[in-house]
Enquirer: 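Here you go, one structure.
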Protein chains: 2
Amino acid sequence: MESNTKPIAHNHISVDCVVIGFDGTQLQVLLIKRNTQELHDMKLPGSLIYQDEDLDEAAHRTLDTLAGVQIDNLSQFKTYGSHNRTKNSLDTHWLQQAWHQHIERIVTIAYFSTVRQLPRISSQFEATWVPLNNIQELAFDHNTIILDALEHMRMLAITTPSLLFNMLPRKFTILQLRTLFSLVQNRELDVRNFHKKLKQMPYVVSTEEYQKSVSHRAARYYRFDRKIYNKVYGVRAMK
Amino acid sequence: MESNTKPIAHNHISVDCVVIGFDGTQLQVLLIKRNTQELHDMKLPGSLIYQDEDLDEAAHRTLDTLAGVQIDNLSQFKTYGSHNRTKNSLDTHWLQQAWHQHIERIVTIAYFSTVRQLPRISSQFEATWVPLNNIQELAFDHNTIILDALEHMRMLAITTPSLLFNMLPRKFTILQLRTLFSLVQNRELDVRNFHKKLKQMPYVVSTEEYQKSVSHRAARYYRFDRKIYNKVYGVRAMK
DNA sequence: GCAAAAGTGTTGGGCATACACCCATGA
DNA sequence: TCATGGGTGTATGCCCAACACTTTTGC
């Protein structure tokens, strides 16, 4: 039986959200500016959880209140609970200011989501998009969390390709699609082989629209057909 | 900035461990008997975490103190934090008895590990091995956690095949190996194709030993060569 | 005309699948 | 002699990777 005498930890629990968007050229991540007298850096959107709030709810609330974005495909991917992840004195000081209480360890459940393109963030928020290859040192262990999230994304893209199509505009060119695949898989993709692969995706359908006013041959626009996709992948992957 | 006025949750944090072993025929999971006046069921080995204890440490401690097993490849795979996962009155009553305090929500980080064969559990513990296809209704949401763990195991076996070899005796027959693969992948495997696949695994090396006193042609014993494996898979997968 | 991206087929190798028969051993 | 599992080869289709040239458009 699990009785014991050692002090049980009454730790705080938070959620942190890694939201990734694609601007047509690069992947970008949503970050929050942390501006105090001592601090001028950034962090992932996150929050302690409230009583009687489920983890998923907390993650949604966090993104809504810190950046004004509503997300429908948030899912947790890893939990960080090392008791020295909140040992940096700048971080602990900031925590006290923000939450008006002394906070020791925080166990945080990291959430991941993608968004279509880069939703505009109202200037009332301290949130901003930052290109992935342009991220400075972040608060806590948030750099690590982002790296883990990208690895998670690679896996997710294999099992659930719709993830990637949901990051593109409704009408997209094959170059955009290939750039996105290439970024996520982190490797070069052969142009012709990519076209072949597309032909095997019945849910990528061509439109009759073409680019306009580009200084080269205009590319055809394609779209993602969710109905066909769901038939192919079954109901299990409705997102 | 993330200040707020709502009540912050001071929830409890626990770890629960899904440990899977292979007896040569079936997969089995390590469970703890829960015997009180009202309760005669089982649960996963788990514990609230102590102050200044890392999550991974807590998981190791839990298995050590509840079952006397030391594990070297424990890793978290999912966190469960719904605030009604501890709403069953039998469960809450049991929690009070075990921990001598009123405990509301518990956020639990679920850990997964495999072990070689089925380590014997000393009778001083309330722990026991239970075949996977023989599991009754467990405490809390532990049935769900086990199902998720098995799915996790399937994935892990793809990226890290050593996982499976570390579940077998040092010397094993191909039938044992195939049975294990088949259980984990949850499908039938063709005998001849399986032999072919083995030939492509340089780290499975044949010995000159054969079964004895079996009422059929004696099978050759094979062993797993970790050095060769590490050369093939690189240093990243030393487990 | 030139820069820049669009678009288009063929080939070879590797990997997974399907499938059937003889061998060795103990009871 | 029978029951039980051990052990072996071939043929097919699919997927992936490698690889180069012509087309369209704006400047």
Side-chain angles (χ1 to χ4, degrees), chain A residues 22-26 154-155 157-159 161 164 168-169 171-223 232-233, chain B residues 22-26 154-155 157-161 164 168-169 171-224 232-233:
Chain A
F22 178 61
D23 65 7
T25 307
Q26 304 180 83
R154 266 184 269 285
M155 297 298 178
I158 294 171
T159 57
L164 300 179
L168 291 164
K171 313 262 167 156
F172 51 87
T173 66
I174 296 189
L175 176 59
Q176 287 177 315
L177 184 59
R178 184 162 51 87
T179 304
L180 179 57
F181 270 68
S182 176
L183 285 170
V184 171
Q185 294 180 27
N186 198 27
R187 61 175 187 135
E188 292 297 303
L189 294 175
D190 179 87
V191 182
R192 275 176 290 185
N193 292 336
F194 193 74
H195 276 262
K196 253 184 305 179
K197 190 179 283 184
L198 275 193
K199 289 203 189 97
Q200 291 172 307
M201 301 181 184
Y203 45 84
V204 178
V205 304
S206 59
T207 72
E208 293 308 315
E209 291 180 57
Y210 291 82
Q211 287 179 317
K212 283 173 187 152
S213 314
V214 286
S215 72
H216 54 77
R217 180 170 167 183
R220 186 190 278 267
Y221 283 113
Y222 288 75
R223 64 182 182 82
V232 175
Y233 276 88
Chain B
F22 177 61
D23 65 7
T25 308
Q26 303 181 84
R154 265 185 271 283
M155 297 299 179
I158 295 171
T159 58
T160 315
L164 300 179
L168 291 165
K171 313 262 167 156
F172 51 86
T173 66
I174 296 190
L175 176 59
Q176 286 175 318
L177 184 59
R178 182 162 52 86
T179 304
L180 179 57
F181 270 68
S182 174
L183 285 170
V184 171
Q185 295 180 28
N186 199 26
R187 62 175 184 136
E188 292 297 304
L189 295 176
D190 180 85
V191 182
R192 275 176 291 187
N193 293 335
F194 192 73
H195 276 260
K196 252 182 308 178
K197 188 179 285 185
L198 275 194
K199 290 203 188 98
Q200 292 172 305
M201 301 182 186
Y203 44 85
V204 178
V205 303
S206 59
T207 72
E208 292 308 314
E209 290 179 58
Y210 291 83
Q211 288 179 317
K212 283 173 186 152
S213 313
V214 287
S215 72
H216 52 76
R217 178 171 167 183
R220 184 191 280 267
Y221 283 113
Y222 289 76
R223 65 182 181 82
F224 175 66
V232 175
Y233 276 88

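Below, chains carry the letters A, B, ... as their sequence lines are ordered, and counting in each starts from 1.
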Enquirer: Can you name the salt bridge (charged side-chain N to carboxylate O under 4.0 Å, His left out) partners of B:K171, sequence neighbours left out?
Expert: B:E209
Enquirer: Between B:P161 and B:Y233, is any pair of side-chain heavy atoms under 4.5 Å apart?
Expert: yes
Enquirer: Can you name the nearest heavy-atom pair linking A:L177 to A:F172, along with the distance?
Expert: CD2-CE1, 4.0 Å
Enquirer: How many angstroms lie between CG in B:L180 and OG1 in B:T25, if you round to the nearest 0.5 Å?
Expert: 11.0 Å
Enquirer: Should A:F22 and A:L183 count as side-chain neighbours, where that means a heavy-atom distance under 4.5 Å?
Expert: yes
Enquirer: Which value, rounded to the nearest 0.5 Å, describes the distance between A:R217 atom CZ and A:Y210 atom OH?
Expert: 8.5 Å
Enquirer: Between B:V191 and B:S213, name the one whose nearest nucleotide on DNA chain C is closer to the 5' end.
Expert: B:V191
Enquirer: Would you kindly compare A:A218 and A:R192 by the position of their nearest DNA chain D nucleotide and give the one closer to the 5′ end?
Expert: A:R192
Enquirer: Given that A:D190 and A:S215 both sit by DNA chain C, which one's nearest nucleotide is further toward the 5' end?
Expert: A:S215
Enquirer: Paired stems touching DNA chain C, three or more consecutive Watson-Crick or G-U pairs with both distances under 3.5 Å?
Expert: C:1-27 with D:1-27
Enquirer: Specify the closest pair of heavy atoms between A:T179 and A:G24, including all atoms of both residues, with the distance to one decimal.
Expert: CG2-O, 4.4 Å
Enquirer: I'd like to know if the side chain of A:Q211 reaches the main chain of A:A219, judged simply by a donor and an acceptor atom lying under 3.5 Å from each other, with no hydrogens or angles considered.
Expert: yes
Enquirer: Rounded to whole Å, how long is the line connecting atom CZ of B:R220 with atom C1' of C:dT25?
Expert: 17 Å
Enquirer: Just to be sure I understand the geometry, which residues of residues 193-207 of chain A put a non-hydrogen atom under 4.0 Å away from DNA chain D?
Expert: A:N193, A:K196, A:Q200
Enquirer: I need the A:Y222 OH to A:L168 CG distance, nearest 0.5 Å.
Expert: 14.0 Å
Enquirer: Report the distance from atom CZ of B:F194 to atom CD1 of B:I174, rounding to the nearest 0.5 Å.
Expert: 7.5 Å
Enquirer: Which donor-acceptor pairs under 3.5 Å do the side chains of residues 184-191 of chain B make with protein atoms, sequence neighbours left out?
Expert:
{"unit_1": "B:Q185", "atom_1": "OE1", "unit_2": "B:R187", "atom_2": "NE", "d": "2.9"}
{"unit_1": "B:Q185", "atom_1": "OE1", "unit_2": "B:R187", "atom_2": "NH2", "d": "3.0"}
{"unit_1": "B:D190", "atom_1": "OD2", "unit_2": "B:R192", "atom_2": "N", "d": "3.1"}
{"unit_1": "B:D190", "atom_1": "OD2", "unit_2": "B:N193", "atom_2": "N", "d": "2.9"}
{"unit_1": "B:D190", "atom_1": "OD2", "unit_2": "B:N193", "atom_2": "ND2", "d": "3.4"}

Enquirer: Hey, where on DNA chain D does chain A first and last touch, going 5' to 3'? Cut-off is any atom under 4.0 Å from a heavy atom.
Expert: D:dC15 to D:dG26
Enquirer: Mind listing the residues from residues 171-183 of chain B sitting with a heavy atom below 4.0 Å of DNA chain D? Number order is fine.
Expert: B:L175
